[in-house]
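Each chain gets a letter, A, B and so on, in the order the sequences are listed, and its residues count up from 1.
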Amino acid sequence: MTASIATDGIVSNRLSGEELAENFSDLHPPLDPHEALVAADRCYFCHDAPCTTACPTEIDIPLFIRQIATGTPESAARTIFSQNILGGMCARVCPTETLCEEVCVRETAEGKPVKIGRLQRYATDTLMAKPGHPFTRAADTGKTIAVLGAGPAGLSCAHRLAMKGHAVTIYDLRSKGGGLNEFGIAAYKSVDGYAQDEVEWLLAIGGITVECGKSVPLSELADAFDAVFLGVGLSGVNALGVEGEDKNNVLDAVSFISDLRQADDLASLPIGRRVVVIGGGMTAVDAAVQSKLLGAQDVTMVYRRGREAMSASEFEQVLATSKGVRIIYNAQPLRVTGNGAAAAIEFGYTETVDGKLRPTGETFTLAADQVFKAIGQTLEGAPDALNLEGRKIAVDENGRTSVKNVWAGGDCASGGDDLTVTAAAEGRDAAEDIHTTLMGG
Amino acid sequence: MADLTSEFVGIKSPNPFWLASAPPTDKEYNVRRAFEAGWGGVVWKTLGEAGPPIVNVSGPRYGAIWGADRRLLGLNNIELITDRPLETNLQEIKSVKRDYPDRAVVVSLMVPCEEGPWKKILPLVEDTGADGVELNFGCPHGMAERGMGSAVGQVPEYIEMVTRWCKQYSRMPVIVKLTPNIADIRKPAEAAQRGGADAVSLINTINSITSVNLDDFIPEPTIDGRGAHGGYCGPAVKPIALSMVSEIARNPETTNLPISGIGGVTTWRDGAEFLALGAGNVQVCTAAMTYGFKIVQEMISGLSEWMDEKGHASVADVVGRAVPNCGDWQDLNLNYITKAEINQDSCINCGRCFAACEDTSHQAILMSEDRTFSVDEGECVACNLCINVCPVEGCITMRELQVGEVDERTGREVDGTHGDWTTHPNNPAVAAAE
């Protein structure tokens, strides 16, 4: 007998394969050609466009939208990829509502921005469906560069370096490339194995070797290569620091999402009947929504501050609640209770006074057979030689670290938001600086 | 309530909106539906001589250009006159007119440019009870190659000759439909008047190729690997039609010649503009072909609402009201000074005014660090381009400088006098006269 949403405990097969397929289908299905033309027609082709300024990779958005409107989506894709080789993934995962679309003048005018993200997907999908690769390598420079981490920052850096004619080797600890695109984000944002397709397409530039399941110490890399780029991400997960955190079924949200993304059969994934997610970022939303989509009956997200402080955008919050997730603001965990495994979690309400969070003294308890921690990730295992800024690798505006010929970018490096698009920009810019440095001297 | 009834060359209709001679008026079925929808009149699609009817292509007859969201802006056609037997059309006209005595039924005609065929067909039309005839001297494709349509309309002497025959062999009012494919629209209008025409109607369609298939290098619409020019109509041609109507209306020779205005009438407002420039009524085709007959209801209600609001009691009160204000460039007041003003509350900061002015005009719009856009009155020539490219209606306006104010661009004070090119010191003609 299969389980239902009301089956107690952590079980698999709560929903049928059909229901799961429906639940995990594309969050924003691609625009068809007519929809794309209608959406593109709304762009005013602004001068010094605010959308372009808001984009961390500074894609010329008015230009690519005009190229779509005039029936040349492949040219549009080239405009996008020339700034951001991961433009296809960014079109899917970017919080456009807080970036380009937030500042669209039609948002100002009508509260309805041009659908920039979906138009970007239309253009990039169109080009990527064609055989071949839009960029070619420059003549071999004889320079070699090691890239640590095959996530967005590393891939973006490697592609730009390969284009310049350098030989790149990417090392990644995981079994395959893609980083958080492959292991981190919600499944409904990147369906049908898009992350791997994108890696494969990107590598078609040539000149890039990928070594998975492998880590090489920085000192060795620095000796063997002309330059090193670190795009290792944040592999550590912050602890709650409360009593009972060590009980069974108190898990890291990132591991849950990673398992989900790698699962061949979603029905086989066990999920609790009552799931509590602690945190207020994108990872928390991704974990909460996907728990619900797997068939959990009650899913509650608990965030210690108010709605306005939440790092998940309003769009993400609405998405979560529309899928049936309850969000409780201004509460922090006090203790996890249960006999061996988690059974409930006790929270205390908080308030912010003079910018400081403090308990109000009121408490409540949520039944929970599964608890996901999503209160942030940290840099782990950074080489001692590198200076840190806060808890990240210190870099200048070109991505240079404190060590000569070592650059860093993406979530592991200081500056910028922890977003795919920011990582893509930092990887690209570091590559340009590496190129200038290696070729200039 | 404003009185929308119309009397055009003695032909009465409940409103001034007629369907032009075209596919919508090719047969009884359509015309009855049009009258049920509220159209004031129709000009029945052009009849030709008795005998084997003409033959149309059986591939695409229309080509189009579109605006945003495929809004149809311009339509091109290569259809000919009616391809149904003359007798069938005449019977249907008679039947419709009998059942709709209050509506205008005018019959469009096109027969060879010889006296015999015109003499022969006119009594047949008169026998149907139709209210008048419209001479199709306008169609630019197909029939023109056979010496009819615009081939006649481009030769004022032929227009005069055929019009005279029609007045000689018929008691019906004769409306002459003009082709715009000519250098000076006043000449054919004058010729029609000399021939005794009761009115002219214009414009017929404009020679056009709407697009070229870039895979095969063939103009569209494409018939078996070839294309030919067609006749262009729809919203895109309205400005051309308005100008031509105004030229006939203000030409002293033809100032009393009634005009039926045609060309891109899509809304009540378009219709009112034609009336204001001197048209006694308007004819519509593309709008009906795009949206169906029902649009006439908006045209009627819109015209009525506007007339009530402005206190115009009847259609006749509106006709020609803008004609006295139409003149030549040389009469425009060069001492009239305006400056663009940007309303910062409605500005959405798109910067289109800046790009247009900076790149292509007078560098009179300034952009601050925080992308606030403002007008530099020292450079602004009031060209209006910023208003035309601004996506927010009413955000940029023109402010007229009052007497005593100084134009920062020229340093000259506005003195309230009229001064035009005919008296301007820079005009060599003025200097020569001294």
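In the displayed structure, Glu110(A) atom CD is contacted under 6.0 Å by more than 12 heavy atoms of other residues, nucleotides or ligands. Within 6.0 Å of CG in Asp192(A) there are 12 or fewer heavy atoms belonging to other residues, nucleotides or ligands. Open room surrounds CZ on Arg66(A); 12 or fewer heavy atoms of other groups in view lie less than 6.0 Å from it. Environment of CD in Gln363(B): crowded, with over 12 heavy atoms of neighbouring residues, nucleotides or ligands closer than 6.0 Å.
Between Arg371(B) and His47(A), the shortest heavy-atom distance links the atoms NH2-O, 2.7 Å. Here the closest non-hydrogen pair linking Phe45(A) and Arg352(B) is O-CG, 4.2 Å.
When each of Ala109(A), Ala49(A), Pro50(A) is scored by its heavy-atom pairs under 4.5 Å with chain B, the top score falls to Pro50(A).
Two residues are said to be in side-chain contact when any heavy atoms from C-beta on lie closer than 4.5 Å; Tyr44(A) and Ile348(B) meet this criterion.
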